[in-house]
Protein chains: 2
Amino acid sequence: MSSGRKKSFDEDTALNAAMDVFWQKGYVGASLTDLTKRMGINKPSMYSAFGNKESLFIKATQCYIETKMKPHVELLFEEDVSLKQRLKNHMMSIVTMQCDSEQAQGCYLVLCQSELVSGDIPEQAESILKEADVMPIQLYTELFTSDIESIELGLNKNAQANGLALYTMLKGTASMARSGIDKSTLEYSIDRILAGIGLH
Amino acid sequence: MSSGRKKSFDEDTALNAAMDVFWQKGYVGASLTDLTKRMGINKPSMYSAFGNKESLFIKATQCYIETKMKPHVELLFEEDVSLKQRLKNHMMSIVTMQCDSEQAQGCYLVLCQSELVSGDIPEQAESILKEADVMPIQLYTELFTSDIESIELGLNKNAQANGLALYTMLKGTASMARSGIDKSTLEYSIDRILAGIGLH
DNA sequence: CTTAAACTATACCGTTAGGTACAATTTATT
DNA sequence: AATAAATTGTACCTAACGGTATAGTTTAAG
């Protein structure tokens with residue numbers, strides 16, 4: 001084992017704290033003081049553990065995608081559940097997360113993607129945010145294209161557009177959640193968009 | 001007439017330029033250098049004309065509401081147009097604006113409202129942003145409650161929820177527009193949410 | 001028990017943030 | 001022409017930004 005003083009903090013815990021700060025303030029709005037204070041460490045510890053603000057952000061973003069987004073995906077492919085119910089479960093699982101987070105509401109990705117237009121986001125951070133914006137569209141398009149029930153209902157005809165409609169609504173609920181609208185209120189909107197694409 | 005040197009710039013033009021910067025970068029992200037450069041003036045001129053960054057922002061926000069949002073409202077109350085078509089015209093008018101802006105895409109208000117959670121927005125700016133977030137809900141609720149065709153269709157039963165569903169979708173299109181999704185693509189989503197609340 | 005590696009704390013770096021003092025300039029009034 | 005009011009440009013203020021040098025502390029290995 002390598003010698004030397006041991007870390008007095010858990011990297012994963014610190015990363016999660018950083019994620020919360022970016023979730024609350026975005027990339028530009030999150031200062032190193034905000035970050036290190038919530039991570040419970042000081043700047044040199046942060047720089048030695050994560051590199052710099054940008055690479056901390058990239059790791060926090062990957063952490064968000066893995067732990068906060070991907071878990072909702074499997075709900076789309078549960079067996080013995082109707083397409084409508086799978087989509088409802090999936091979307092409400094996301095909306096629940098958007099509304100549940102104690103301080104930082106909404107969606108981390110929606111917030112940070114909105115900063116891209118400013119031109120103040122570094123290159124690699126921009127890349128990962130743009131990639132993350134494409135994934136859901138591919139996911140929904142693939143679902144509507146291949147799912148048996150989707151094909152039976154003819155939803156495969158407009159697979160991408162249907163997926164985009166759901167994704168657009170989820171971006172809307174993210175924004176609404178950030179404004180303090182609660183889950184039960186947003187559920188109605190989810191039901192309406194599902195009905196709108198033909199899933200009554 | 002009062003004596004003294006004359007302003008070398010048009011206040012309204014400068015205010016519109018400031019609006020564009022806030023639209024692109026949000027309140028926190030827009031620096032005085034960004035602002036004054038695009039306004040074509042220097043800092044003392046800006047401070048004497050508008051007070052400070054916060055009051056410039058408040059005036060820019062009021063300008064946005066008056067010139068960019070309110071014009072869409074009248075489309076909701078045109079005579080001899082069906083409720084569905086009025087809502088479609090209204091929403092597509094907004095989506096067109098969200099997509100048209102050359103650099104700053106999306107919605108100024110959605111962008112800046114997302115900054116509220118950070119706690120870095122001054123008091124009065126926070127107030128006007130929160131007020132602006134309530135107005136559309138009231139507008140749609142009133143429409144669904146009072147409109148004859150809405151009552152005939154039973155949409156008045158869930159007036160507020162229906163209004164919220166439309167508003168949520170428009171916040172979603174704002175986010176999508178900022179990611180570069182074009183108007184014709186978003187039109188499908190508008191059609192789907194209208195169908196979803198019963199306007200086929 | 002020394003050594004060297006790794007981590008922590010403090011203090012600091014240059015830059016930019018929002019905001020202002022002040023002198024120079026332009027204008028209408030006297 | 002002289003004056004007073006208003007605007008402009010420059011130069012500057014303090015505070016906070018992202019980032020780092022360095023000295024001190026803790027730890028495993030020799």
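Within every chain, numbering begins at 1; the chains are lettered A, B, ... in the order of the sequence lines, protein sequences first and strands thereafter.
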>> On the nucleotide dA17(C), are OP1 or OP2 found under 4.0 Å from the side-chain N or O atoms that S31(B) carries?
In response: yes

>> Within the 4.0 Å heavy-atom criterion, would you say S48(A) contacts the bases, only the backbone, or no part of the nucleic acid?
In response: nothing

>> I need the CD-P distance between E54(A) and dC17(D), as an integer number of Å.
In response: 19 Å

>> In this structure, how many angstroms lie between the P atom of dG19(D) and the CG atom of D34(A), rounded?
In response: 14 Å

>> Between K6(A) and dT26(D), is there a contact of a side-chain N or O with OP1 or OP2 at under 4.0 Å?
In response: no

>> Suppose we call a contact any N or O donor and acceptor under 3.5 Å apart; does that hold for the side chain of K53(A) and the base of dG18(D)?
In response: no

> Atom CZ of F9(B) to atom C1' of dT8(D): distance rounded to whole Å?
Replying inline: 10 Å

> Between K43(B) (NZ) and dT16(C) (C1'), how many Å, whole number?
Replying inline: 9 Å

>> Given dT27(D), dG18(C), dG19(C), identify the nucleotide with an atom nearest to the side chain of N52(B).
In response: dG19(C)

> Taking atom C1' of dA17(C) as reference, at what distance in whole Å does atom NZ of K25(B) sit?
Replying inline: 13 Å

>> Between E54(B) (side chain only) and Q124(B) (backbone N and O only), is there a donor and an acceptor less than 3.5 Å apart?
In response: yes

> When the distance from NZ of K7(B) to C1' of dA5(D) is rounded to whole Å, what number comes out?
Replying inline: 13 Å

>> Could you check whether K171(A) pairs with D133(A) (Lys NZ or Arg NE/NH1/NH2 to Asp/Glu carboxylate O, under 4.0 Å)?
In response: yes

> Should the ring pair H90(B) and Y140(B) be called parallel, tilted or perpendicular, given that the plane angle runs from 0 to 90° and is split at 30 and 60?
Replying inline: perpendicular

>> Just N and O in the side chain of N42(A): are any of them under 4.0 Å from OP1 or OP2 of dA9(C)?
In response: yes

> Just how far, in rounded Å, is P of dG19(D) from CG of L35(A)?
Replying inline: 11 Å

>> Rounding to an integer number of Å, can you tell me how far M46(B) CE sits from dT20(C) C1'?
In response: 13 Å

>> Students often mix this up, so state it plainly: with edges at 30° and 60°, are the rings of Y64(A) and Y108(A) parallel, tilted or perpendicular?
In response: parallel

> Which nucleotide sits closest to the side chain of P44(B): dG9(D), dT8(C), dT27(C)?
Replying inline: dG9(D)

> Taking only N and O in the side chain of S8(B), is any of them less than 4.0 Å away from OP1 or OP2 of dT7(D)?
Replying inline: no

>> For dT8(C) and S45(A) - does any side-chain N or O of the residue sit under 4.0 Å from the phosphate oxygens OP1/OP2?
In response: yes

>> I'd like to know if the side chain of R178(B) reaches the main chain of S114(A), judged simply by a donor and an acceptor atom lying under 3.5 Å from each other, with no hydrogens or angles considered.
In response: yes

> Starting at the 5' end of DNA chain C, which residue's closest nucleotide do you reach first, L32(B) or R5(B)?
Replying inline: L32(B)

